[in-house]
Amino acid sequence: MYRNFKFNIISSFEKARVGVLKTPHGDIQTPAFIFCGTKASVKGISPKQLIENETQVILSNTYHLLLYPGADHIRERGGLHSFIGWKGPILTDSGGFQIFSLGHGSVADEIKGRRSGISALLKIDEDGALFRSYRDGALQFLTPEKSIDTQRNIGANLIVAFDECTPYHSDKKYTENSMERSHRWEKRSLNEFIRKNDFSQALYGVIQGGVYEDLRKRSAEFISENPFFATAIGGTLGSTKTQMYEVVEMAMNGLDISRPIHLLGIGGISDIFRGVEIGIDTFDCVHPTRIARHGAALVKKNGTREHINLKNTMYAQDDNPIENDCNCSTCKGFSRAYLHYLLKANELLAFPAITIHNIKFMNKLMGEIREGIQNKTLDIVREKWC
RNA sequence: GGAGGGAUGGCCGAGCGGUCAAUGGCAGCAGACUGUAAAUCUGCCGACGAAAGUCUACGAAAGUUCGAAUCUUUCUCCCUCCA
């Protein structure tokens, strides 16, 4: 069923492992970070720049591309790889996260109980989720079959079963019912996937269950028992970092660890070390690219904060690069003072410049983590980065 | 020379007797952001103070009033139109 895909574990150190995830569009050395290009573009960055900065794989989003430009439109352009000019592997998320984000806002807002604007999610029932398009107001009904069909037309290599990303503020009963429904949706996703399988894509199942240990275990077992190519850990991971690590560990119980394991939506430096240590192979997160557009550059060993805010006045006369030991084009060419100025002057160059640094930073981090696992020196690597 | 309009906090700009230390916006200072409706959002932003509060403030001066950024008079400076 997944004959054009393969996941080989090359070496491991305790639970951490180094692997190769083979796809028809190339190999992914794991642990790897997947950059979010939600609307078929890593904001402000070209495919060439992604490659130059060691990017292996990117992620786009089914729901957003369904609204515009439409899956058929992308298929008619030769599929997403051809449309956007990216030859490497692509993962598409199913739209399940939009049930959360278009209903509740950002992860932080939901955890902190802030309500943000009018919900673009109208209804969720056994069949699927009903949205009001933020683009033209039209009704959009997303079902497991629709999500898989859309992802097939978009043509990513790695695709994800349709699920509901459960919020932090939902009680156990809701979380359990939602998880059961997600399981049924994922089964339907799998059936739809198998029905038209042409071996060009591989399907991820998603573990739900919120912050509840028994639910996470049940969900992990459900995913492992079904013929998904790989496993993703989704849903709320709690409200604190400590809880997040606990929840991820819960989800690892009962998992088939011969498959690739993806942790959805996590991208902090220390979070990645914790994830890798318990066996996570891939991560995706908007954080590195989003904070770049908000003026934040990732830096090593900066205490509880893993970035510096280049908009701060203290950088106005700082003639150093973001990081002295970084060889990205931004650090080689621009000072903190100049980046500070670009941000304050609203010059667009600031966005790609800082994004490039953050991308290179993440990719270098993942590379050193892979080396650390192979050399059994992961502790030393962590000491350098956190 | 005549007729009118205007001067508000770093800037623009509301307010037109009390609820005004004064709406907004910009600029400034911070913070947040984790399967992206995000080049977004939040807070602070006269002085002193941790705060309560105190002081100084709506071109200048004098007045009316219990009370004035708001009303009156004079002055200063800007702008428009007519000669």
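None of these values were measured; they are calculated from a predicted model. Per chain, numbering begins at 1; letters A, B, ... match sequence-line order.
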Are the side chain of Glu186(A) and the backbone N or O of Asp163(A) linked by a donor-acceptor pair below 3.5 Å? no

Could you check which of C33(B), G35(B), A39(B) has an atom nearest any side-chain atom of Phe351(A)? A39(B)

Counting the atoms with a prime plus P, OP1 and OP2 as sugar-phosphate, which does His64(A) contact under 4.0 Å by heavy atoms, base, sugar-phosphate, or nothing? sugar-phosphate

What's Glu347(A) touching, base or sugar-phosphate or nothing? Going by heavy atoms closer than 4.0 Å. nothing

Angle between ring planes, Tyr63(A) versus Phe131(A), binned at 30° and 60°: parallel, tilted or perpendicular? tilted

Under 3.5 Å for both donor-acceptor distances, Watson-Crick or wobble: does G59(B) have a partner, and if so which one? C75(B)

When rounded to whole Å, the CZ to C1' distance for the pair Arg290(A) and A39(B) reads 12 Å

Can you sort out the partners of Ser258(A) under side-chain hydrogen bond (donor to acceptor under 3.5 Å, both in side chains), two or more places apart, ordered by chain and number? Asp256(A)

Could a donor-acceptor pair under 3.5 angstrom be found where the side chain of Ser106(A) meets the base of U36(B)? no

Could you check which of G35(B), C33(B), A38(B) has an atom nearest any side-chain atom of Ser94(A)? G35(B)

Within this structure, what is the OH-to-P distance between Tyr63(A) and A37(B), rounded to whole angstrom? 10 Å

Pairing check on U80(B): which nucleotide meets the Watson-Crick or G-U wobble criteria with it, both distances under 3.5 Å? A3(B)

Which nucleotide, if any, forms a Watson-Crick or G-U wobble pair with C66(B), using both distances under 3.5 Å? G18(B)

Is there a donor-acceptor pair closer than 3.5 Å between any side-chain N or O of Arg77(A) and the backbone N or O of Ile84(A)? no

Complement of A30(B), any strand, by Watson-Crick or G-U distances under 3.5 angstrom: U42(B)

For Lys43(A), which contact category applies under a 4.0 Å heavy-atom criterion: base, sugar-phosphate, or nothing? base

With sequence neighbours excluded, give me every side chain to side chain donor-acceptor pair (under 3.5 Å) pair touching residues 341-361 of chain A. Glu54(A)-Lys360(A)

Determine, for nucleotides 25-31 of chain B in 5'-to-3' order, which nucleotides have protein heavy atoms under 4.0 Å from the base (write B), from only the sugar-phosphate (write S), or from neither (write -). ---SSSS

I need the CD1-C1' distance between Ile90(A) and G35(B), as an integer number of Å. 16 Å

Which is true for Asp93(A) with a 4.0 Å heavy-atom rule: it touches a base, it touches only sugar-phosphate, or it touches nothing? base

Sub-6.0 Å ring centroid separation between His169(A) and Tyr174(A): no

Roughly how far apart, to the nearest Å, are C11(B) and G4(B) at atom C1'? 28 Å

Where the side chain of Lys39(A) is defined as all heavy atoms beyond and including C-beta, which of A37(B), A38(B), U36(B) is the nearest nucleotide? A38(B)

Does G35(B) have its OP1 or OP2 closer than 4.0 Å to a side-chain nitrogen or oxygen of Gln98(A)? no

Please verify the inter-ring angle class for Phe5(A) with Tyr2(A); under 30° counts as parallel, over 60° as perpendicular, anything in between as tilted. perpendicular

Mark this stacking check for His294(A) against U40(B) as yes or no, applying ring centres under 5.5 Å and ring planes under 30°. yes

If you count the non-hydrogen atoms of other residues, nucleotides and ligands that lie under 6.0 Å from CD in Gln317(A), is the total more than 12? no

